[in-house]
Amino acid sequence: MASISRPLAIALLVGTALLGAGAALHPMLPADVPAQLRMIAASSIFRPVHLAMLCGTGLIIAGVWTRLSLGGAATATPLIGGLALVCLGMCFNAIDIAFMGGAGWHLATAYVAGQSELAPLFEALHRFGLLTARFGNFLVALGALVLGFAERADPESPRWMAWLAWIAAAGGLAGVVLVPEASLLMLTAVTLIAGWSVGTSVRVLR
């Protein structure tokens with residue numbers, strides 16, 4: 001594990017940066033479906049942003065396992081469980097990203113080209129994608145909760161690492177339970193886990 005811990009830590013940092021940059025550049029879609037389609041079709045960066053977010057997600061899924069190089073035998077099992085939940089949640093969240101960057105973008109360009117009958121199809125598929133992302137963020141929040149306890153049980157882990165994981169868990173669960181799917185705050189778990197990811201990367205690289 002030691003031989004690949006540093007490359008994985010770098011992958012985690014780069015993936016977190018790509019996902020964060022993509023989220024920051026993502027246009028704020030209006031509530032009206034036809035307006036959403038027109039905005040997507042008019043945005044030249046919409047598809048590249050989603051491709052960057054997908055690449056970032058993949059790097060995060062690979063990179064989080066660098067944490068195992070820091071943990072002792074006593075915390076290995078909860079760490080693996082927490083990391084697996086985070087990775088699975090990221091995969092579900094990526095389904096919505098892939099839909100919007102692929103089929104969603106295609107439906108938008110076809111809609112503005114005159115195929116107005118595609119609006120209900122886009123709305124139905126987008127609702128599925130958003131619900132999938134909600135479930136993914138729920139899994140990430142649960143994984144962060146487990147990681148927090150694993151960090152707390154590891155005598156070599158700084159206390160702030162546990163708190164970074166628990167902040168992601170608390171904020172993520174609140175976003176999943178309380179926030180409508182149309183709001184970006186529903187993705188709080190994936191957003192806040194970045195703090196733990198950066199902290200882990202820095203510890204490994206040091």
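Because the structure is predicted, anything quoted here is derived from the model rather than measured.
- In the displayed structure, F138 atom CZ is contacted under 6.0 Å by at most 12 heavy atoms of other residues, nucleotides or ligands.
- Within the 4.5 Å cutoff, the side chain of S5 has no heavy atoms near those of the W65 side chain.
- Every pair tested for side chain to side chain donor-acceptor pair (under 3.5 Å) that includes a residue from residues 139-149 fails, sequence neighbours excluded, so the list is empty.
- Side-chain atoms of L205 and L13, non-hydrogen and from C-beta on, do get closer than 4.5 Å to each other.
- For the pair H126 and D96, the minimum side-chain heavy-atom distance is below 4.5 Å.
- Note that the CD1 atom of I80 and the CG atom of L147 stand 11.5 Å from one another [nearest 0.5 Å].
- The closest side-chain heavy-atom distance from S43 to W105 is not below 4.5 Å.
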Stepwise side-chain contact (heavy atoms from CB on, under 4.5 Å) test for R152 and M161: CA-CA 8 Å; R152 185 66 178 269; M161 285 297 298; over 6 Å; no
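- Considering CZ of F122 and CZ of R127, their distance stands at 11.0 Å, rounded to 0.5 Å.
- For the pair F92 and G136, the tightest heavy-atom approach, listed with the atom from each and the gap, is CB-CA, 3.6 Å.
- Here the closest heavy-atom approach between residue V146 and residue P78 is recorded as CG1-O, 3.3 Å.
- Between the CG atom in L68 and the CD1 atom in I4 there is a gap of 9.5 Å [rounded to 0.5 Å].
- Ring pair W163/W160: centre-to-centre distance not below 6.0 Å.
- Looking at every heavy atom in both residues, Q36 comes nearest to A31 through NE2-O, 3.4 Å.
- Hydrophobic clustering (side-chain heavy atoms under 4.5 Å, transitive across Ile, Leu, Val, Met, Phe, Trp, Tyr) groups L187 together with M28.
- Connection of I40 to F128 is not established within any shared hydrophobic cluster, with ILVMFWY side chains joined at heavy-atom distances below 4.5 Å, either directly or through further cluster members.
- Residues M100 and L29 are in side-chain contact: their nearest non-hydrogen atoms beyond the backbone lie under 4.5 Å apart.
- Looking only at side-chain heavy atoms (C-beta outward), L85 and V140 stay at 4.5 Å or farther from each other.
- L59 is connected to V198 through a chain of hydrophobic side-chain contacts under 4.5 Å among Ile, Leu, Val, Met, Phe, Trp and Tyr, so both are in one cluster.
- Here CG of L130 is found 12.5 Å from CD1 of I95. Values are rounded to the nearest 0.5 Å.
- Between T16 and A194, the shortest heavy-atom distance links the atoms CG2-CB, 3.6 Å.
- Looking at heavy atoms from C-beta onward, L25 lies in side-chain contact with I45 at the 4.5 angstrom threshold.
- The only option from N137, V190, L139 that meets the side-chain contact (heavy atoms from CB on, under 4.5 Å) definition with M90 turns out to be V190.
- The shortest non-hydrogen separation linking A189 to A141 is CB-N, 3.9 Å.
- Linking ILVMFWY side-chain heavy atoms closer than 4.5 Å, directly or via other members, places L18 and M53 in two distinct hydrophobic clusters.
- Taken from CE in M186 to CG in L131, the straight-line distance is 8.0 Å, to the nearest 0.5 Å.
- Both Y111 and L107 are assigned to one and the same hydrophobic cluster, defined by single-linkage of ILVMFWY side chains at heavy-atom distances under 4.5 Å.
- The structure places CG of L8 at 13.0 Å from CD1 of I60, a figure rounded to the nearest 0.5 Å.
- Counting heavy atoms from C-beta outward, T200 and T66 have side chains that approach closer than 4.5 Å.
- Taking the six-membered ring where the residue is Trp, the centroids of F46 and H26 are separated by under 6.0 Å.
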Test log, rule side-chain contact (heavy atoms from CB on, under 4.5 Å), inputs L37 and T109: CA-CA 8 Å; L37 291 166; T109 55; over 6 Å; no
I10/S201 under side-chain contact (heavy atoms from CB on, under 4.5 Å): CA gap, chis, key distance, verdict: CA-CA 7 Å; I10 294 171; S201 299; over 6 Å; no
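- Electrostatic pairing of R159 and E151 does not count as a salt bridge here, judged by no charged N lying under 4.0 Å from a carboxylate O.
- Of all non-hydrogen atoms in C87 and V64, the two that sit nearest each other are SG-CG2, 3.5 Å.
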Working for side-chain contact (heavy atoms from CB on, under 4.5 Å), residues R203 and S157: CA-CA 9 Å; R203 288 185 63 207; S157 177; 3.7 Å; yes
